[in-house]
Protein chains: 2
Amino acid sequence: MNKNLTREKIINAADDLFYQQGFEHTSFSQISVQVKVSRGNFYYHFKTKNDILTAVIERRLKNTSTMLAQWQSQGQSPTERIRSFINILILNREKIQKFGCPVGTLNSELVKLNHPSKENAKEIFTQFHAWLSHQFSQLKHNHDADILAMHLLARSQGIATLASVFNDKNYIKQEVDSLHAWLTPYTNSLY
Amino acid sequence: MNKNLTREKIINAADDLFYQQGFEHTSFSQISVQVKVSRGNFYYHFKTKNDILTAVIERRLKNTSTMLAQWQSQGQSPTERIRSFINILILNREKIQKFGCPVGTLNSELVKLNHPSKENAKEIFTQFHAWLSHQFSQLKHNHDADILAMHLLARSQGIATLASVFNDKNYIKQEVDSLHAWLTPYTNSLY
DNA sequence: GTCTATATAATGATAGAC
DNA sequence: GTCTATCATTATATAGAC
């Protein structure tokens, strides 16, 4: 089998399992079963479990970049772009109810483990924050664009956490509506 | 040594370690070292690791009840009582920056592990929600007391998550101010 | 009630055949 | 590049002496 293909499969499976079960709870055995590769061959592609984590985070960073770039090109205004961000709560609703936010839960776990890759994972949050902050600054809110971006990130995180704990479908929709309503006043000062 | 005393010491140590490192990452060895009791004797008090978790959650439920009852008796108005809740973010700021919210992170971990005790841990959230909901209903917001309580819970969770990831002292203060400001309009409709 | 010694299973990781 | 066999370590958990 092609080297890079197997490597990609491993990263894929690890990404899913880390999200669904957490990093520490996921074992090499579980990943190798899913990829249908023996545990031994595994170490040809990754020398340590941390190396897989590094690759998974790198992958998520790239995916986030791609998604933000898409929103940037597709959204016709900063307001619409920010609404794209808010709506991922709806798009990924089922997974969020089951496993929480992939960014937030990975970061929380790595912070508790005081894991060397925690700074690496934090970068995913920083990506979202920089992008959101940029959108808000375009809404003539330069003075508090950072704060508004952090505020929106925090609310999304809280919604994802409670949604996974209470497992309530309507709750996410209700809070997403509330987020859209919160955003509206900021959009009026644009033109 | 007294039976119940050792038992209490074990629950205490486990409570701290589960908070600081997570449930799964914490081993019997670590707990026994902290309590200064041999691993063997450990099983005299708790038969399985899950039994310790059950005891820890039970302990947290009791502590939460006590705290909410105190706020109930000390706060002179529903508004002041809700502000007591908001201010735990300030009171526990250092720990939250290091380890996140003890309620949220435990629940998130148990959800990912699909652990049998997850329903048990969820009850801690339910306690806070019921109490907050009660306060809001006293502010003549019966129609949306539940929603306001969930909203406040979610924002607290999001703040705790981001505070632990970004490790920024001023951020918590800033968002707490924002929470107090958010609450104010609801308090005017009281008398 | 506390200890030491031990059983058992799973983990991350390595060596070497093919 | 993939495999089987194996190692060292750690984990939860048990048995039995004191």
Side-chain angles (χ1 to χ4, degrees), chain A residues 1-58 106 109-110 112-118 120-121, chain B residues 1-58 106 109-110 112-118 120-121:
Chain A
M1 191 181 290
N2 184 290
K3 174 177 176 177
N4 286 331
L5 191 68
T6 303
R7 191 188 149 89
E8 282 304 308
K9 279 188 181 177
I10 290 173
I11 300 176
N12 249 307
D15 195 356
D16 286 348
L17 288 169
F18 289 174
Y19 177 36
Q20 292 164 16
Q21 312 184 333
F23 166 68
E24 194 162 44
H25 186 67
T26 301
S27 67
F28 280 10
S29 307
Q30 289 176 311
I31 302 175
S32 63
V33 164
Q34 190 145 321
V35 182
K36 283 164 187 156
V37 162
S38 74
R39 271 211 315 282
N41 180 26
F42 217 92
Y43 290 85
Y44 173 78
H45 299 279
F46 295 96
K47 286 185 181 172
T48 70
K49 195 179 176 186
N50 286 345
D51 286 348
I52 304 179
L53 177 61
T54 303
V56 166
I57 294 174
E58 202 175 319
L106 178 64
E109 183 179 1
L110 297 184
K112 284 223 181 199
L113 298 177
N114 199 19
H115 194 284
S117 289
K118 71 177 179 181
N120 210 359
Chain B
M1 191 181 290
N2 184 290
K3 174 177 175 177
N4 287 332
L5 190 67
T6 304
R7 193 188 148 88
E8 281 305 308
K9 279 187 180 178
I10 290 173
I11 299 175
N12 248 307
D15 195 356
D16 286 347
L17 288 169
F18 289 174
Y19 177 37
Q20 292 164 16
Q21 313 184 332
F23 166 68
E24 192 162 45
H25 186 67
T26 301
S27 68
F28 280 11
S29 307
Q30 289 176 312
I31 302 175
S32 63
V33 163
Q34 191 146 321
V35 182
K36 282 162 189 158
V37 163
S38 75
R39 271 210 315 281
N41 180 27
F42 217 92
Y43 289 85
Y44 173 78
H45 299 279
F46 295 97
K47 286 185 182 172
T48 70
K49 194 178 174 183
N50 286 344
D51 286 348
I52 305 180
L53 177 61
T54 303
V56 165
I57 295 175
E58 202 176 318
L106 179 65
E109 185 179 1
L110 297 184
K112 285 224 180 199
L113 299 176
N114 200 20
H115 194 283
S117 289
K118 71 177 179 180
N120 210 359

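Proteins come first, then strands; the chains are lettered A, B, ... in the order of their sequence lines, and each starts at number 1.
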| remark: A:Leu53 CG to C:dG12 C1', in whole Å, measures 15 Å

| If you look at every heavy atom in B:Ala121 and B:Leu106, which pair is closest and at what distance? | CB-CD2, 4.3 Å

| note | Heavy-atom contacts, protein to nucleotides 3-18 of chain D, under 4.0 Å, summarised as B (base), S (sugar-phosphate only) or - (none) per nt, yield BB-B----SBBB----

| message | A side-chain contact here means heavy atoms from C-beta on lying under 4.5 Å apart; do B:Leu110 and B:Ile57 qualify? | response | yes

| request: Measure from OH on A:Tyr44 to P on C:dA15 and round the result to the nearest Å. | output: 16 Å

| task | State yes or no: are the ring centers of B:Phe28 and B:Phe46 separated by less than 6.0 Å? | result | no

| Nearest atoms (heavy-atom pairs only) where A:Gly22 meets B:Lys112 | N-CD, 3.8 Å

| task | State, yes or no, whether a side-chain contact exists between A:Glu58 and A:Ile11 at a heavy-atom distance under 4.5 Å. | result | no

